[in-house]
A.B. asks: 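First, the structure itself, so that you have it in front of you.
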2 protein chains.
Amino acid sequence: MHAQAAAKIELQSYLPRQSPSPAFDGATLNPVSFFQAGTEIYAQGEKAGALYQVEFGAVRIYRLLADGRRQISAFHLAGETFGFEADATHHFFAEAINATGVRVFRASGTDMSRQLLPLALKGLTRAQEHLLVLGRQNAIERVAAFLLDMSERQGGLRQVDLPMSRNDIGDYLGLTIETVSRVFTRLKEKGVIRLVSLRSIEVLKREALLAMGE
Amino acid sequence: MHAQAAAKIELQSYLPRQSPSPAFDGATLNPVSFFQAGTEIYAQGEKAGALYQVEFGAVRIYRLLADGRRQISAFHLAGETFGFEADATHHFFAEAINATGVRVFRASGTDMSRQLLPLALKGLTRAQEHLLVLGRQNAIERVAAFLLDMSERQGGLRQVDLPMSRNDIGDYLGLTIETVSRVFTRLKEKGVIRLVSLRSIEVLKREALLAMGE
DNA sequence: CGGGAAGTTGATATAACTCAAGGTAGGTGG
DNA sequence: CCACCTACCTTGAGTTATATCAACTTCCCG
């Protein structure tokens with residue numbers, strides 16, 4: 001299912017060229033780890049304990065049912081932090097969507113709860129808001145809410161990058177790939193969005209999206 | 001929609017009879033606030049800052065869409081803590097489901113992030129797991145997962161209290177009340193559960209529930 | 001015991017899924 | 001640099017799970 005082309009580029013580390021932006025005080029300024037498109041960052045059941053900050057690229061966090069059904073609980077874009085766990089075990093999978101750079105922080109040693117709490121709470125609010133989307137909104141509303149969210153997280157510009165596939169979007173919104181595709185088509189027909197390319201849209205009528213998103 | 005019988009019993013406070021179990025070090029041992037069935041504990045948009053521990057009864061946390069659609073993101077039973085927010089504002093409503101006693105802690109002053117973080121992370125994991133249920137499971141699977149969750153949180157006994165209405169269950173699982181009712185009937189017919197009363201079930205075949213719940 | 005809220009059951013409607021067949025685009029090798 | 005190849009995406013037709021609408025029943029609470 002999540003097969004990927006044989007990895008030819010090996011995982012590597014390097015020291016940053018640009019001004020480093022450590023997510024936490026007291027954390028060692030670790031090097032950046034590279035992950036190829038489709039590669040695993042951590043797996044459900046693995047020992048947890050580190051935190052991850054996306055330098056570039058995008059990451060999907062997901063869970064699987066026994067029969068292969070997948071629910072993506074979150075996407076993480078550049079600048080965002082993920083990997084928190086309630087205990088010492090990962091309860092989810094994390095995969096690079098595209099070629100992605102991730103800075104890994106060991107949470108051990110110094111007490112970082114003061115810095116982690118706001119991030120955890122932000123994630124909690126996000127997840128709870130997503131529950132409303134999955135529980136009570138229809139396909140158009142889900143896609144509208146998703147596009148608005150992606151837009152906001154990219155600075156609210158008209159043009160929005162969608163680093164993930166339609167399949168990923170479907171698994172995030174609790175829809176099939178076909179339904180996602182049909183909704184995109186409908187939004188195009190209505191003149192609400194324009195497809196710059198498959199992975200990039202332009203928001204033409206933000207108001208209309210907002211009206212749909214809730 | 002969420003109308004309630006005119007409140008005759010006023011909100012009151014008292015000092016606990018039983019051994020107090022403060023949720024946090026350094027927190028004043030506040031009195032317990034009473035809430036009648038259906039009354040609001042806090043509202044979306046209100047100023048946040050306090051934490052709430054359920055002494056007895058049950059609480060629902062929810063959000064509304066403009067047209068009245070409701071998504072309950074969590075139920076909180078005796079002993080559980082809620083009210084965390086990422087900023088100074090409540091993003092959700094909290095209501096007492098039944099007559100409920102809640103101990104309120106002001107989070108101000110001492111730094112409680114060390115104690116709060118695990119609770120926030122627990123909530124985050126819970127919410128993310130619920131996303132899988134809403135996004136990818138069918139009606140039977142949702143109800144099975146819900147009953148198992150309620151059972152676990154009540155010590156895993158055969159008999160499980162359901163303090164909430166079918167309507168609440170529907171709004172938690174992203175289903176209509178009718179669908180919830182039909183699933184209960186199916187589970188009864190299959191001999192998986194037995195209805196002791198409307199608000200109390202007995203789990204007869206835990207294995208079958210587990211097989212359905214995922 | 002009566003009344004009203006809550007729950008159940010039935011019939012029908014519909015949004016989204018499934019299955020299937022093209023189409024498109026982006027990357028690779030010739 | 002072009003053409004092919006393969007992933008990904010789109011579109012269509014038919015199916016299905018759940019919603020909706022409606023009537024009836026049961027359980028409490030006063």
Side-chain angles (χ1 to χ4, degrees), chain A residues 1-6 8-9 36-38 67-71 97-99 133-144 161-189 193-201 212, chain B residues 1-9 36-38 65 67-71 97-99 133-144 162-189 193 195-201 212:
Chain A
M1 281 299 119
H2 304 291
Q4 69 206 47
K8 282 176 191 159
I9 303 170
Q36 246 205 318
D67 60 4
R69 280 175 289 176
R70 181 179 69 156
Q71 178 63 40
I97 295 175
N98 296 309
V133 174
L134 294 190
R136 287 299 179 214
Q137 296 199 271
N138 64 30
I140 297 191
E141 293 170 328
R142 292 183 201 202
V143 172
D161 277 357
L162 303 177
M164 67 294 287
S165 68
R166 300 286 185 275
N167 210 336
D168 285 341
I169 296 174
D171 283 352
Y172 177 66
L173 297 177
L175 301 170
T176 59
I177 178 175
E178 293 96 331
T179 298
V180 172
S181 183
R182 280 186 249 268
V183 171
F184 270 73
T185 301
R186 277 228 258 166
L187 292 176
K188 274 189 295 181
E189 286 168 356
I193 62 170
R194 185 174 75 85
L195 257 67
V196 178
S197 75
L198 278 176
R199 299 288 175 95
S200 179
I201 65 152
M212 292 167 176
Chain B
M1 281 297 117
H2 304 290
Q4 68 205 46
K8 283 175 190 160
I9 304 170
Q36 243 205 321
L65 289 172
D67 61 2
R69 281 175 288 176
R70 181 179 69 157
Q71 178 63 41
I97 295 176
N98 296 310
V133 174
L134 294 190
R136 288 298 179 214
Q137 296 199 270
N138 64 30
I140 298 191
E141 293 169 330
R142 293 183 199 201
V143 172
L162 303 178
M164 68 292 289
S165 69
R166 299 285 186 275
N167 209 337
D168 285 340
I169 297 174
D171 283 351
Y172 177 67
L173 297 177
L175 301 171
T176 58
I177 177 175
E178 293 96 330
T179 298
V180 172
S181 182
R182 281 185 246 269
V183 171
F184 270 74
T185 302
R186 276 228 257 165
L187 292 176
K188 273 190 295 182
E189 285 168 357
I193 61 170
L195 258 66
V196 179
S197 75
L198 277 178
R199 300 289 176 95
S200 179
I201 65 151
M212 292 168 177

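If you're wondering where the values come from, they're calculated on a predicted model, not measured in any experiment. Lettering of chains follows the sequences in order, A, B, ..., and the numbering in each one begins at 1.
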A.B. asks: Pick out which of B:Asp171, B:Leu175, B:Asp168 makes a side chain to side chain contact (heavy atoms under 4.5 Å, CB included) with B:Val180.
C.D. replies: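 Output: one option passes, namely B:Leu175.
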A.B. asks: I'd like to know if the side chain of A:Arg166 and the backbone of A:Leu198 have a donor-acceptor N/O pair within less than 3.5 Å.
C.D. replies: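 Checking the backbone N and O of A:Leu198 against the side chain of A:Arg166, a donor-acceptor pair under 3.5 Å is found.
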A.B. asks: Looking at A:Arg199, I want to see if its CZ is surrounded by more than 12 non-hydrogen atoms of other residues, nucleotides or ligands under 6.0 Å.
C.D. replies: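 Check passes, neighbour count above 12.
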A.B. asks: Check the distance between D:dC9's C1' and A:Met164's CE and give it to me in whole angstrom.
C.D. replies: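 Taking atom C1' of D:dC9 as the reference, CE of A:Met164 is at 16 Å.
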A.B. asks: In whole Å, what is the span from the CG atom of A:Leu134 to the P atom of D:dT18?
C.D. replies: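 So the two atoms are 15 Å apart, to the nearest Å.
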A.B. asks: Where each residue is assigned the nucleotide of DNA chain D containing its nearest heavy atom, which of A:Leu198 and B:Ser197 is assigned the position nearer the 5′ end?
C.D. replies: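 Taking each residue's closest nucleotide, the earlier one in sequence belongs to A:Leu198.
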A.B. asks: On a heavy-atom basis, which atom in B:Met212 and which in B:Ile140 lie closest, and how many Å separate them?
C.D. replies: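 Distance-wise, the nearest heavy atoms are SD-CG2, 3.8 Å.
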A.B. asks: Give the rounded distance in Å between these two atoms: CD1 of B:Ile97 and P of C:dA6.
C.D. replies: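 Whole-Å distance recorded here is 13 Å.
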A.B. asks: Give a yes or no answer on whether the side chain of A:Gln71 reaches the backbone of B:Val133 with a donor-acceptor pair at less than 3.5 Å.
C.D. replies: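 Pair absent, no side-chain N/O of A:Gln71 close to backbone of B:Val133.
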A.B. asks: For a quick check under 3.5 Å, do B:Thr176 and B:Thr179 share a side-chain donor-acceptor pair by atom type?
C.D. replies: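 The answer is yes; a qualifying pair exists.
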A.B. asks: Find the distance A:Arg199:CZ to D:dT10:P and express it as a whole number of Å.
C.D. replies: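 So the CZ-P distance, A:Arg199 to D:dT10, works out to 10 Å.
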A.B. asks: Can you tell which of D:dC9, C:dT8, D:dT11 lies closest to the side chain of B:Ile177?
C.D. replies: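 For B:Ile177, the side-chain atoms sit closest to C:dT8.
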A.B. asks: Taking syn as within 90° of 0 and anti otherwise, name the glycosidic form of D:dA7.
C.D. replies: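 Syn for D:dA7; the angle stays within 90° of 0.
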A.B. asks: Where the side chain of A:Asn138 is concerned, which of C:dA16, D:dT10, D:dT18 is the nearest nucleotide?
C.D. replies: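 Of all the options, the side chain of A:Asn138 is nearest to C:dA16.
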A.B. asks: Which angle, rounded to 10°, do you find between the first-five-pair axis and the last-five-pair axis of the helix from C:dC1-D:dG30 to C:dG23-D:dC8?
C.D. replies: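 One end axis against the other gives 50°.
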A.B. asks: Might you point out which heavy atoms bring B:Val183 and B:Ala139 nearest each other, and give the distance in Å?
C.D. replies: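 So the minimum-distance heavy-atom pair works out to CG2-CB, 4.0 Å.
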A.B. asks: Report yes if a side-chain nitrogen or oxygen of B:Ser181 is closer than 4.0 Å to either non-bridging phosphate oxygen (OP1 or OP2) of C:dT9; otherwise report no.
C.D. replies: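 So the side chain of B:Ser181 is outside the cut-off, no N or O lying under 4.0 Å from OP1 or OP2 of C:dT9.
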A.B. asks: Rounded to the nearest angstrom, tell me the gap between atom CG in A:Leu195 and atom C1' in C:dG23.
C.D. replies: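 Those two atoms, CG and C1', are 15 Å apart.
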A.B. asks: Quick one: are B:Ile193 and B:Leu195 in side-chain contact, heavy atoms under 4.5 Å?
C.D. replies: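 Side-chain contact under 4.5 Å: yes.
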A.B. asks: Taking only Lys NZ, Arg NE, NH1 and NH2, and the carboxylate oxygens of Asp or Glu, determine whether A:Arg182 and A:Glu189 approach each other closer than 4.0 Å.
C.D. replies: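 A salt bridge is absent here (no side-chain N lies under 4.0 Å from a carboxylate O).
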A.B. asks: Dump the pairs, protein N or O against N or O of nucleotides 17-19 of chain C, anything under 3.5 Å, distances to one decimal.
C.D. replies:
residue : atom : partner  : partner atom : Å
C:dC17  : OP1  : A:Thr176 : N            : 3.4
C:dC17  : OP2  : A:Thr176 : N            : 3.3
C:dC17  : OP2  : A:Thr176 : OG1          : 3.1
C:dC17  : OP2  : A:Thr179 : OG1          : 2.3
C:dT18  : O4   : A:Arg182 : NH2          : 2.9
C:dC19  : N4   : A:Glu178 : OE2          : 2.9

